[in-house]
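Step one of this worksheet: look at the structure below.
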Protein chains: 2
Amino acid sequence: MDRQASGALVPDVTLDRTSPVPLYYQVATRLQQQIEEGDIPVGSRLENEVELADRLGVSRPTMRRAISYLVERGMLVRKRGVGTQVVHPKVRRPVELSSLYDDLLKSGQAPRTEIREFEVRPAPDQIAEALGIPFGAEVTWIERLRFAGDEPLALMHNAVPVDVIRLRREDLERNGLYDLLRAAGHVPRMANQVVGARVASAGEARILDEARGAPLLTMTRTAWDAAGKAVEYGSHLYRASRYSFELNLTS
Amino acid sequence: MDRQASGALVPDVTLDRTSPVPLYYQVATRLQQQIEEGDIPVGSRLENEVELADRLGVSRPTMRRAISYLVERGMLVRKRGVGTQVVHPKVRRPVELSSLYDDLLKSGQAPRTEIREFEVRPAPDQIAEALGIPFGAEVTWIERLRFAGDEPLALMHNAVPVDVIRLRREDLERNGLYDLLRAAGHVPRMANQVVGARVASAGEARILDEARGAPLLTMTRTAWDAAGKAVEYGSHLYRASRYSFELNLTS
DNA sequence: GTCAATGGTTTGTCCTGACATATTTTGTCA
DNA sequence: TGACAAAATATGTCAGGACAAACCATTGAC
């Protein structure tokens, strides 16, 4: 019997030690590729850490770190005394903080944005509190109507502190708010969302091209960047007939 | 000038090296306590890793691991060349996979459950597919009406594969489904949720004590345990007038 | 024949040591 | 005084070794 029997064969990978990309990350990325492409089948056991590290020419801590990375992302499961297994792809999808604009782009629909209101003004108390900024601090206040194709989809209200990013109307027409925030270095990393439902008022129904009394999804959100700075407050209305939230959660 | 000036003082902690609890976890837990109790103020910089490790009598990798643990939970932020800072508590809440039952308990309301249907039967094709089990495999099928106080709150439908847990009607009346799953060793770790809205049919309105046409929140969810085994499928209806989802997301 | 002990395999934890790299501060020179 | 260079400081990465603990399968005793 030979060591190969102990686990699925992980193909050799070429590592670049001169690259600024960390070794553990290179290993993790190749491993992920091979899993996604099916070179390492779902449910199969990997070779043990020591052998793997040996064969790839890295130390065991580095190998462990690469594996840990994939374990945290839900692709692998480790069991002490047993080994490391590839889990089912269904469970693998990463949690993502995405905006409606991103979602539409990904699903192949053409997002279009009509800006109905755009002004810099002091934040209302309730919003200042949600953002954790002083009462009366200035924010950019936006009302946008988001279309998918020709159909209106969502009526969105946002407040962004002016010291986070100086928004311009033109940029907002072409890009999603989250793209602009990311580009400005304020990557949204955490968010608190409340999702509810109510029926449309007459005015809302007219704007969204729905009947009065139609069900609407409501979402209010506060988002923070990695440093804990509040970057966005949003209060949105979605047509329930055309949109629903898809979420992937991890404990 | 003395080294103490380099960062906030982290009080000494007592570590138990004979305990089965890992050192890094002991360190992380004490650190978390001190942050939560305000001993280490929000926004302050910690001492550098080497000093901290030195003073607590652990190696730097162990210290780093403890800090990394808190960084992943969003309590600390590290910047290379700068230091480690305590972030604002608002951002800190951990992502949790909780059930409605848990949520109600936490918010101090008294949850009560009326079981309207309970049977073991072959899974409908659509549900079998969501769970990733063979067509016709047996599941426990449940319809429950959940009350908060005296008011009906949600009408819940669930399917749980029989090989995951053998549910009993009595247990479900006293406990939430997630508690039972946890106790059986199938801790829900990942979930895919779709949240939408629609108006109540006449039958649904009668059960939920709402008017016909009242807005309802809909949620369908599939949950998996750490090993990637599907443990639960749920399709729920919530009264929008009495309930909304609160979510904490991390990228 | 059944149950308990045992040994091998594998991951989990922890240590020491070293060098790399990003950032800020200090110091020097024009 | 201003700009650039160098040093100090902090986290990031990587190696190699050692022991602990959980799990599984086999062996052995009753």
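These values consider heavy atoms only, across backbone and side chains, with no hydrogens, waters or symmetry-generated copies. Each chain gets a letter, A, B and so on, in the order its sequence line appears, and its residues count up from 1.
- At least one donor-acceptor pair closer than 3.5 Å links the side chain of D225(B) to the backbone N or O of K229(B).
- Within 4.0 Å of R60(B), counting heavy atoms only, lies at least one base atom of the nucleic acid.
- In this model, the phosphate group of dT10(C) is not approached by any side-chain N or O of T84(A) to a distance below 4.0 Å at OP1 or OP2.
- Checked against the 6.0 Å centroid threshold, Y69(A) and Y25(A) count as a close aromatic pair.
- N158(A) and R144(A) are linked by a side-chain donor-acceptor pair at a separation below 3.5 angstrom, with hydrogens and angles left out of the test.
- At least one side-chain nitrogen or oxygen of R65(A) sits closer than 4.0 Å to the OP1 or OP2 atom of dT13(D).
- Looking only at distances, a side-chain donor or acceptor of S68(A) sits under 3.5 Å from a matching main-chain atom of R64(A).
- The CD1-P distance, from I67(B) to dA10(D), rounds to 12 Å in whole Å.
- Residue G81(A) is the one, among G81(A) and P61(A), whose nearest nucleotide of DNA chain C lies closer to the 5' end (criterion: closest heavy atom).
- Both V50(B) and V21(A) sit near DNA chain D, but only V50(B) has its closest nucleotide nearer the 5' end.
- Put simply, R17(A) has a side-chain N or O that comes within less than 4.0 Å of OP1 or OP2 on dA15(D).
- At the heavy-atom level, T62(B) lies under 4.0 Å from the strands shown only through sugar-phosphate atoms.
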